[in-house]
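This report refers to the structure that appears directly beneath it.
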Amino acid sequence: DVQMTQSPSSLSASVGDRVTISCRASQDISGYLNWYQQTPGKAPKLLIYATSNLHNGVPSRFSGSVSETTYTLTISTLQLEDLGTYYCQQSDTTPWTFGHGTKVEI
Amino acid sequence: EVQLVESGGGLVQPGGSLRVSCETSGFRFSSYWMHWVRLVPGKGLEWVSRVDFDGTSATYADSVKGRFIISRDNAKNTLFLQMKSLRVEDTAVYYCARAIGGISPLDSWGQGTLVTVSS
């Protein structure tokens with residue numbers, strides 16, 4: 001199975017900060033890396049798909065990139081509504097696997 | 001409006017069985033692969049299973065293989081997950097989600113149904 005190593009496990013930041021979350025795959029996943037946000041008590045929401053594509057309706061302050069085997073989610077200017085847990089997920093190979101999540105506190 | 005609504009969760013004893021359902025509306029159900037993903041308390045999201053457009057191909061996580069069966073009724077726009085030989089570690093909120101293709105992301109999710117396995 002593809003292991004997804006996500007870091008950090010949690011972070012605390014202020015409104016307006018730039019936030020980055022990383023995810024490293026244990027093998028090549030051909031860019032099929034997606035990012036989801038889950039706020040408390042709600043269903044996960046798709047933010048970014050296939051490394052860097054913004055899902056419909058997602059604010060442009062969210063972006064995705066890759067450098068070698070490390071995928072990164074960036075929130076350029078953190079807003080209050082961005083609190084929650086963020087997960088990376090690979091869809092290249094079954095079984096699909098998620099990172100362990102990054103809890104973002106404001 | 002795209003809607004996915006899970007139901008059927010509840011409390012079940014270890015070794016028991018349960019079937020959860022996901023009723024959908026607002027999109028062409030038969031055009032989408034459908035998935036089950038669970039949120040395990042204190043751990044995070046875990047992918048459980050997926051089924052292709054017409055239900056002929058299903059894939060499972062190793063942790064549920066041989067115990068869970070995913071199926072769909074395209075006439076009723078509904079997805080199912082039959083769970084048997086339930087274990088305490090199957091306790092989770094179970095979400096259904098859709099994907100347009102085999103490697104596509106999960107672009108819409110239901111609100112989830114809680115399954116608690118406990119004696």
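Per chain, numbering begins at 1; letters A, B, ... match sequence-line order. Every heavy atom of this structure was used, including side-chain atoms; hydrogens, water molecules and symmetry mates were not.
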* Asked: Would you say the side chain of A:Y36 lies within less than 4.5 Å of the side chain of A:K45, judging by non-hydrogen atoms?
  -> no
Considering residues, nucleotides and ligands other than [X], do more than 12 of their heavy atoms fall under 6.0 Å from its [atom1]?
X: A:R24; atom1: CZ; value: no
X: B:E23; atom1: CD; value: no
X: A:H55; atom1: NE2; value: yes
X: A:Y32; atom1: OH; value: no

* Would you mind checking which part of A:Q90 comes under 4.5 Å of any heavy atom in chain B, side chain (CB onward), backbone (N, CA, C, O), both or neither? => neither
* To do: Counting only heavy atoms closer than 4.5 Å, note whether A:D1 contacts chain B via side chain, backbone, both or neither.
  => side chain
* To do: Answer yes if the side chains of B:S30 and B:D54 hold a donor-acceptor pair under 3.5 Å, and no otherwise.
  => no
* To do: Please name all residues satisfying side-chain hydrogen bond (donor to acceptor under 3.5 Å, both in side chains) with B:D52, sequence neighbours left out, ordered by chain then number.
  => B:T56
* Side chain of A:Q37, backbone of A:T85: donor and acceptor closer than 3.5 Å? -> no
* Which residues in residues 93-107 of chain B have a heavy atom less than 4.5 Å from any heavy atom of chain A? -> B:Y95, B:G102, B:I103, B:S104, B:P105, B:L106, B:D107
* Between A:S30, A:P95, A:P44, the one whose heavy-atom pairs under 4.5 Å with chain B are most numerous -> A:P44
* Asked: Checking heavy atoms, do the side chain of B:V37, its backbone, both or neither come under 4.5 Å from chain A?
  -> side chain
